There are 2 protein chains.
Amino acid sequence: MNLPPLAAIRVFEAAARHGNFTKAAEELGMTQAAVSYQIKLLEERVGTALFLRLPRQVVLTEVGARLAPSTTEAFEILRAAFATTRESADGVLTITTIPTFAATWLVPRLGSFQMEHPSLAVRLKSTRDMLDFARQEADVGIRSGETKWPGLVCHKLFYANFTPMLSPALAASIGGIKTPQDILKLPVLDPGDPWWTIWFKLVGIEKPELRGDVRNRLGDQHLEGRAVLAGQGVGILTPVFFQSELQQGQLIQPFDVVGSGKHAYWLVYPEARRNVPKIRAFRDWVLSHIDEIKM
Amino acid sequence: MNLPPLAAIRVFEAAARHGNFTKAAEELGMTQAAVSYQIKLLEERVGTALFLRLPRQVVLTEVGARLAPSTTEAFEILRAAFATTRESADGVLTITTIPTFAATWLVPRLGSFQMEHPSLAVRLKSTRDMLDFARQEADVGIRSGETKWPGLVCHKLFYANFTPMLSPALAASIGGIKTPQDILKLPVLDPGDPWWTIWFKLVGIEKPELRGDVRNRLGDQHLEGRAVLAGQGVGILTPVFFQSELQQGQLIQPFDVVGSGKHAYWLVYPEARRNVPKIRAFRDWVLSHIDEIKM
DNA sequence: TATCTTCCATAAGTACACCTTATGGATCGC
DNA sequence: GCGATCCATAAGGTGTACTTATGGAAGATA
């Protein structure tokens with residue numbers, strides 16, 4: 001028991017509503033001939049006339065009249081369903097992001113995005129997994145990595161720079177930090193982090209003897225940041241993530257020397273969806289705020 | 001706010017129900033590739049993924065899950081609507097017929113048709129208007145006319161023959177009818193009917209002087225037949241319409257001479273619908289019963 | 001660990017359905 | 001009688017919605 005061609009049903013629905021093929025054609029954006037064709041098709045399929053052709057009008061037959069309300073109802077349901085999904089899909093921006101970026105950069109700034117786009121709700125999914133738009137429901141993502149990804153639009157936000165940071169109290173405990181060597185006097189969080197060796201090499205120290213438990217591994221930089229803020233040791237952190245703490249003096253960056261790996265943070269989204277409004281809005285917002293950092 | 005392509009919606013509905021593109025393809029009688037294509041199309045149109053592509057399965061996204069029940073509901077409505085119309089359209093045979101044919105031939109025999117086709121209901125529309133299948137809801141029609149009609153399948157049932165008839169009592173009132181002249185002694189119903197002159201010419205009487213009021217015009221032959229049966233006068237009638245009355249002796253046909261015009265009675269229906277089962281059934285039934293008459 | 005199977009995506013090619021243009025017929029109104 | 005309105009039909013082009021073919025990814029199986 002198959003349905004007749006849906007295109008024909010749609011045409012019938014419109015024609016029945018208008019009681020007029022020409023008007024139905026207008027509504028559907030096609031010619032009157034096409035409407036006539038589709039109705040005829042449907043009538044052949046159903047095996048019964050659906051309209052009586054009177055001189056200057058068409059009138060539903062009994063069968064047609066019984067059919068019409070149902071079809072209208074069905075299309076109303078479809079219209080309603082797709083209208084709301086469009087709304088809801090348009091109105092919610094889902095972001096998957098690395099926890100570090102979420103905690104240190106994104107969340108503190110999200111308020112400004114909301115201000116600019118009051119009609120957009122934001123849903124944040126913070127996960128360390130590599131994101132895959134085919135397997136996760138998300139509109140945009142923040143990734144860290146070295147290169148671009150195929151199939152995705154990739155905006156490089158900034159490189160994952162790093163430099164030692166510590167709390168003022170900790171610095172004061174040894175009378176302030178003047179030279180890189182001073183850091184070696186203090187406990188270091190996650191001394192196994194390769195960033196340390198890279199950075200010390202930049203300042204001319206080949207094999208720094210770091211104090212601290214090698215097994216310390218907080219995993220995410222923002223957790224390390226919390227520890228540093230609490231004065232538990234020196235961390236090697238990415239400055240952009242701690243701008244406000246630096247400005248407010250809660251954190252000290254003793255040296256301008258900044259290491260930089262190949263890793264960068266990226267804003268990414270599927271190429272196919274590059275023109276979805278909410279995605280464009282988010283992209284524009286992120287990029288303009290990244291520009292502010294660089295300035 | 002236009003709906004996405006309906007074909008795509010239908011595919012989505014099936015895919016959502018099965019949670020499996022391959023099975024959906026089977027149900028719809030198409031290939032898996034086509035399903036994949038349509039879903040992708042719909043997702044682009046909606047602007048959101050509707051399925052998550054997991055390793056060996058697809059799962060509805062949030063948006064897809066919200067959409068799916070509505071689409072299923074809509075299609076259920078359509079399926080139900082078209083299923084019942086098909087039933088009802090298949091189960092009711094609407095016949096438009098000339099009143100004479102209805103009263104004298106069809107109605108007395110309809111019982112046998114019902115017996116042969118118990119699943120078919122019959123609706124009779126008896127009207128003198130020329131029937132036009134474009135303007136009337138009918139499956140088949142009985143017309144009288146001289147030639148075939150374009151666009152219609154036309155089965156000639158019998159010619160509109162005619163011969164004088166009267167009630168036995170009326171005949172007895174003048175001692176029986178032996179020659180055509182005897183008819184002139186009796187009142188004649190509708191003496192203005194051209195059939196009279198034609199018939200009398202056949203029996204060698206050029207200008208019969210008919211008794212009776214020229215203004216008598218019962219219009220339909222079956223009404224004239226009633227009057228004849230009541231003994232109100234001699235009528236000129238079509239024998240096939242009064243077979244049973246003749247057999248039972250309620251009516252007398254004094255002469256075998258039968259006039260015949262060019263007019264015939266036809267069974268007609270639109271060519272396009274010649275293979276609709278109920279129409280074939282009725283045609284077969286009518287034609288076989290007409291054959292009985294001729295035999 | 002390797003092989004097979006399942007399930008989906010994608011590319012390329014094709015056919016038919018669907019729509020358009022053009023025309024004609026019928027009726028109503030002025 | 002003439003124009004306007006509304007639908008039917010024929011002919012013809014085109015794009016969409018398929019198909020076939022292939023490949024990739026990940027369970028299942030052994």
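Letters A, B, ... mirror the listed sequences (proteins, then strands); counts begin at 1. These figures come from a predicted structure and were not determined experimentally.
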Return the value, rounded to whole Å, for the distance between atom CD1 of A/I39 and atom C1' of D/dT9. 16 Å
Ion pair check, A/E62 and B/R123, cut-off under 4.0 Å: yes
Using a heavy-atom cut-off of under 4.0 Å over every strand shown, decide if B/V35 touches base, sugar-phosphate, or nothing. nothing
Return the nearest nucleotide to the side chain of B/A33; candidates are C/dC7, D/dT19, C/dT20. D/dT19
Residue pair B/R56/A/R56 against DNA chain C: nearer the 5' end by closest nucleotide is B/R56
Once the angle between the rings of B/Y265 and B/F158 is folded into 0 to 90°, is it parallel (under 30°), tilted (30 to 60°) or perpendicular (over 60°)? tilted
Any heavy-atom pair between the side chains of B/Q221 and B/T104 that's under 4.5 Å? no
Quick check: does any side chain N or O of A/R273 sit under 3.5 Å from a backbone N or O of B/G47, one acting as donor and the other as acceptor? yes
Atom-to-atom span, CZ of B/R53 to P of C/dC8 - whole angstrom: 9 Å
To the nearest Å, how far apart are A/L52 CG and D/dA8 P? 11 Å
What is the distance, rounded to the nearest whole Å, between atom CG of B/L6 and atom P of C/dC18? 11 Å
Just call it for B/T22: base, sugar-phosphate, or nothing, with non-hydrogen atoms closer than 4.0 Å on any strand. sugar-phosphate
To the nearest Å, how far apart are A/K40 NZ and C/dC18 P? 15 Å
Select base, sugar-phosphate, or nothing to describe what B/L54 touches, counting heavy atoms under 4.0 Å on all strands. nothing
A/Q38 or A/P55: which one's nearest nucleotide on DNA chain C is closer to the 5' end? A/Q38
Using whole Å, report how far CE of B/M30 lies from P of C/dA9. 13 Å
Considering only D/dT19, D/dC6, C/dC8, which nucleotide approaches the side chain of B/Q32 most closely? C/dC8
